[in-house]
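Letters A, B, ... are given to chains in the order of the sequence lines, protein chains preceding strands, and every chain is numbered from 1.
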Protein chains: 2
Amino acid sequence: MSSPVKILVVGAGAIGGFYGAILHRAGAEVSVVARSDLAVLRERGYRISSPLGDLSFQPSKVYASTEEVEESPDYLIVSLKLIKSVDRIGIMRPAVGPNTAIVLIQNGIDIEPEVVEAFPNNPLISCLAFVGVSRVAPGKLEHKAYGRLVFGNYPRGVSAEAERLSALLEAGGINTQLSEDVVRERWLKSVWNTAFNPSSVLAGGADTQTLLTTPGGEELIRGFMEEVCATAAAAGYPLPADIIDKNISATKKMPAYHNSMALDFLNGREMEIEPMLGNVVRIARKHGVPVPRLETMYGLLQLLVANKASNAQ
Amino acid sequence: MSSPVKILVVGAGAIGGFYGAILHRAGAEVSVVARSDLAVLRERGYRISSPLGDLSFQPSKVYASTEEVEESPDYLIVSLKLIKSVDRIGIMRPAVGPNTAIVLIQNGIDIEPEVVEAFPNNPLISCLAFVGVSRVAPGKLEHKAYGRLVFGNYPRGVSAEAERLSALLEAGGINTQLSEDVVRERWLKSVWNTAFNPSSVLAGGADTQTLLTTPGGEELIRGFMEEVCATAAAAGYPLPADIIDKNISATKKMPAYHNSMALDFLNGREMEIEPMLGNVVRIARKHGVPVPRLETMYGLLQLLVANKASNAQ
């Protein structure tokens, strides 16, 4: 037998722990770099309840920092939050070897270029997670639903490393979808994320149904989505004509819920403003696409953050 | 000697109490309709500190409701907040006699038509207050600065009643400016109010300096102001070309402060969204002026209010 695939997960929260568990289940050797839950993870690993069964596992190694990593992994899974206070590249650097494939499981648009610049010779696999999983206590995760991972190499294509990762994840029990054009997948997901996430925050942490049932709310959300579609088209990714209607009607059918940015806001955590919204606004400006609605939302969100920081001083 | 001018103030908070005091000082007979501070006002009247001297006074009558008013006044001063939960017309009706001049000291754009419709035969004087005055305790006001009142008849002109009111206010110690075109004055003031008030709320109750010094903030505010100017022009009120620059530079020179809507928001009070913003958006739509920035701000503000109401349930 060949030696197991070596995986290192950086950002060992709900997303990283869950996909780490799936890969462990598939026979990979999974280590993690943890910050807050270090002691618990070293002592007893992850406890993970899931409709897939008990996914609890003990990582092979639990590092406090990538500086401690002796052997670079085959796959470096990066599931850190994409926020200003986290130096993603600096954290990754000590763990990236010449043959390491970098796997981003992170939200947003245009989040890959700085990784390509830092590690130009490593394969870069860019992933979109469709999963409902939460950290309910240190080292304890609840996987509620879904789990599908859509991915491909950045800027395009599907490499042998991506195929191999897909096979492992499928063996671990989740559905994967390989895409020759992962940037397009990111734009498709951004239609929802860029419209709903920041507006839920500016509405005080509103849930999806409040956004859609308040008079004027659906029109507002559609306005944001139209500007995302116009930007995607100008960037070379024309999206299906019915994507807005489909996003709206699918969301109406779901129970009310708080999206990730609303939850960050309500819990006083730093928000992923740039990958969700700021990068879309910058791409629009670069292509001369007018996005006054997104610009307004972006400006107001920056003021909200600045005001909170100034009140905290 | 002729009998004194009879004034009735409806909405006897900071603004109503202050201008009531000025008119009392000028020799008018000033009564008030009070809600929350009724007992205190009946017992000992207003205590008002001011750079103009001690403005404390005992109103001639303190009514709990306009239903109690026996004799209709010469001037009915309306300084109620313009919010959905206050039925301004219903409150005014019992006090308006055939010779009563109605005097609105209220914020916003297009706030007069419903008053004209309800009282088509009464003179209507529309006023803009430039004053820093706060209610610091029941019946107790602090007048800090300014006091100027700009007014004229609606929709235009300056009637004898307006001239007489101006003379009284000047005799009471404040500066007035009569305007043949008060709607234009409202648009001039709206450039600031419509831009700063709602954005301060969406920024979490930010003060003026936070709005202007945060990167992107000034640009955002200028964008709102441009849409207000375009709307005003389409409505027949082209504003001076330098009005935006002047508003921005004047605000930068002032100490940081919270505008009225920010204070309402921070204190959990109902906000004057329609007169400040909603009416501007509706006038823009009527004239086919694109105002995507104001529409976005208006939509988000409505979501914020709806979310707060749904959380309170």
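More than 12 heavy atoms of other residues, nucleotides or ligands sit less than 6.0 Å from atom OH of A:Y257. With a 6.0 Å radius and a threshold of 12 heavy atoms from other residues, nucleotides or ligands, A:F130 has its CZ atom above the threshold. Residue A:R35 qualifies as open at atom CZ: its count of foreign heavy atoms under 6.0 Å is 12 or below.
A distance of 6.5 Å separates OG in A:S310 from CG in B:D207, rounded to the nearest 0.5 Å. Between the CZ atom in A:R293 and the CZ atom in B:R293 there is a gap of 10.0 Å [rounded to 0.5 Å]. Between the CG atom of B:N311 and the OG1 atom of A:T210 there is a distance of 7.5 Å, given to the nearest 0.5 Å. The OG atom of A:S200 lies 10.5 Å from the CG atom of B:L300; values are rounded to the nearest 0.5 Å.
Among the residues in residues 211-231 of chain A, those with a non-hydrogen atom closer than 4.5 angstrom to a non-hydrogen atom of chain B are A:L211, A:T214, A:P215, A:G217, A:E219, A:L220, A:F224.
Pairs passing the salt bridge (charged side-chain N to carboxylate O under 4.0 Å, His left out) check and including a residue from residues 189-199 of chain B, sequence neighbours excluded, do not occur.
When the candidates A:V201, A:N307, A:L202 are compared by the number of heavy-atom contacts under 4.5 Å with chain B, A:N307 comes out ahead. Interface summary for chain B: among A:G205, A:P290, A:P292, the most heavy-atom pairs under 4.5 angstrom belong to A:P292.
Between B:L304 and A:G204, the shortest heavy-atom distance links the atoms CD1-N, 3.6 Å.
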